[in-house]
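Encoded as structure tokens, the structure appears first; notes follow it.
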Amino acid sequence: MATTLEGCRCRGSSGRNNNSSILYSILKSDSLATAEDKQQEQQQHPQQHQHTPQHFHKTSSPSSATAAPASLQQACSCGSSRRRGVLRSPQVTCKAASAVLVKTLRFVKNVPCFRELPEDDQLILIRSGWAPLLVLGLAQDRVDFETTETVEPSMLQRILTGLPDRQSEAPPTDQHESSRGAAAAGVSIKDIEAIKAFLKKCWSVDISTKEYAYLKGAVLFNPDVEGLRCLHYIQSLRREAHQALNEHVRLIHREDTTRFAKLLIALSMLRSISPLVIAQLFFRPVIGAVNIEEVLMEMFYGK
């Protein structure tokens, strides 16, 4: 472990010398994950393999899709926070989200500079980054989804039915309680709108495959989480991802001087998206009360 840590310090202090190899590994990992997914899809559905975007119950009118955020802003803040939503087609959408999660973990696993980190740092980065990486993957694969609004149970109803208080919701230990609570409460409409706003932002900018890879690198190597042992090395990896993204944008989109800023704005929108919301919206309808982090560790390390 000491050797790995010392290696991290050496790489972190080497600056731009290792930039091409590190970023190449990120790009190679993303392209490898995409190629493997396409190959598996062709083997499973050889006659149905298409390159068209995935849209699940997409609204027919763009104006109606953008009307919700405006109404939320005009509504009372307390009423807005009480509005809840659930997936309209949970089986279909959760299956798509699960496929993106598998692809995301494969991407992370194939980044050599990530696997060279101490296992403790790997665990911290996966726990902090799986949700924003998943949402980035949903945007890249153009996975859309629709929700339906549910009625927020009153405090009396919660007391009588034994539902947990919404503000202190935690993964229940009882399977039936979890399913009942998720079905009754859902997630906040504000949280759903935050996810949809990020997806629409990415699609409006028309982010390329390479840009998505650099954004994933910036999200994965997050030096802001506590407990990292290779902090300086991880800081250098994020800095190099930002620099490479900026250089790529300047080279490919010379006429668009605001594109890099737009990408950073999109990246900043991920900070308001809670992993608990992602787990409850996209996975709890399928896996129930199972701890999503335990599922991630089993998928990544085979434990």
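Side chains included, hydrogens not; waters and symmetry mates left out as well; all remaining heavy atoms used.
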Worked check of side-chain contact (heavy atoms from CB on, under 4.5 Å) between Arg284 and Cys94: CA-CA 9 Å; Arg284 183 157 295 182; Cys94 292; over 6 Å; no
Where is the tightest heavy-atom contact between Ala241 and Gly217, given as atom of each residue plus distance? CB-C, 4.1 Å
If you define the side chain from C-beta out and look only at heavy atoms, does anything of Ile234 sit under 4.5 Å from Leu117? yes
Scanning both residues in full, the closest heavy-atom pair of Leu138 with Ala97 reads CD2-CA, 4.3 Å
Quick one: side-chain contact (heavy atoms from CB on, under 4.5 Å) partners of Leu264, sequence neighbours excluded? His242, Phe260
Partners passing side-chain contact (heavy atoms from CB on, under 4.5 Å) against Arg127 (at least two apart in sequence or in another chain): Leu123, Glu293
Are any non-hydrogen side-chain atoms of Phe283 and Leu134 less than 4.5 angstrom apart? yes
What's the spacing between Ser89 OG and Lys95 NZ if we round to 0.5 Å? 13.0 Å
Passes side-chain contact (heavy atoms from CB on, under 4.5 Å), Glu240 versus Phe221? Steps please. CA-CA 10 Å; Glu240 290 168 5; Phe221 298 110; over 6 Å; no
Taking only residues two or more places apart in sequence, or in another chain, which ones meet Leu220 in a side-chain contact (heavy atoms from CB on, under 4.5 Å)? Val108, Phe114, Leu133
Check whether any side-chain heavy atom of Phe198 sits under 4.5 Å from a side-chain heavy atom of Leu136, and report yes or no. yes
Less than 6.0 angstrom separating the ring centers of Phe145 and Phe282, yes or no? yes
For Asn222, enumerate each residue passing the side chain to side chain donor-acceptor pair (under 3.5 Å) test, keeping only those at least two apart in sequence or located in another chain. Arg238
Do the non-hydrogen side-chain atoms of Glu146 and Lys196 ever get within less than 4.5 Å of each other? yes
Of all residues at least two apart in sequence or in a different chain, which pass the side chain to side chain donor-acceptor pair (under 3.5 Å) check with Thr258? Asp256
Report yes if the side chains of Tyr214 and Asn246 come closer than 4.5 Å at any heavy-atom pair, otherwise no. no
Group every Ile, Leu, Val, Met, Phe, Trp and Tyr by side-chain heavy-atom contacts under 4.5 Å, then state whether Ile265 and Val219 land in the same group. no
What do the steps show when you test Leu270 against Ile273 for side-chain contact (heavy atoms from CB on, under 4.5 Å), and what is the final call? CA-CA 5 Å; Leu270 286 172; Ile273 300 176; 4.1 Å; yes
In Å, rounded to the nearest 0.5 Å, how long is the span from CG of Asp141 to OH of Tyr212? 9.0 Å
Between Val86 and Gly186, the two heavy atoms sitting closest are CG1-CA, 3.6 Å
same_hphob_cluster(Ile292, Val225) at 4.5 Å side-chain heavy-atom cutoff: yes
Nearest heavy-atom neighbours spanning Trp130 and Pro275: CZ2-O, 3.8 Å
Sub-3.5 Å donor-acceptor pair from the side chain of Ser204 to the main-chain atoms of Lys201, do we have one? yes
For a quick test of reading the model, state the closest non-hydrogen atom pair linking Val277 to Val187 and the distance between them. O-CG1, 4.2 Å
Nearest 0.5 Å please: distance from the CD atom of Glu149 over to the CD1 atom of Ile192. 8.5 Å
With a 3.5 Å cut-off and no angle check, do the side chains of Glu119 and Tyr301 form a donor-acceptor pair? no
Please check this pair: side chain of Asp121 against backbone of Leu228, looking for a donor-acceptor N/O pair closer than 3.5 Å. no
Is Lys262 reaching over with its side chain to a backbone N or O of Val205, donor-acceptor style, under 3.5 angstrom? no
Check whether any side-chain heavy atom of Val111 sits under 4.5 Å from a side-chain heavy atom of Arg115, and report yes or no. no
Determine whether Arg88 and Thr147 make a side-chain contact, defined as any pair of heavy atoms from C-beta on separated by less than 4.5 Å. no
For Arg250, is the CZ atom crowded, meaning more than 12 foreign heavy atoms sit under 6.0 Å from it? no
Drop me the distance from Gln140's CD to Glu211's CD, to the nearest 0.5 angstrom. 11.0 Å
Nearest heavy-atom contact between Gln235 and Pro223 is CG-CB, 3.3 Å
Rounded to the nearest 0.5 Å, what separates atom CG in Leu276 from atom CG in Leu281? 12.5 Å
Test side chain to side chain donor-acceptor pair (under 3.5 Å) applied to Thr148 - qualifying residues, sequence neighbours left out: none
Non-hydrogen side-chain atoms of Leu199 and Val143 separated by less than 4.5 Å: no
Is Ile252 linked to Leu215 within one hydrophobic cluster, defined over Ile, Leu, Val, Met, Phe, Trp and Tyr using a side-chain heavy-atom separation of less than 4.5 Å? no
Nearest-0.5 Å distance that lies between atom NE2 in His253 and atom CZ in Arg259: 4.0 Å
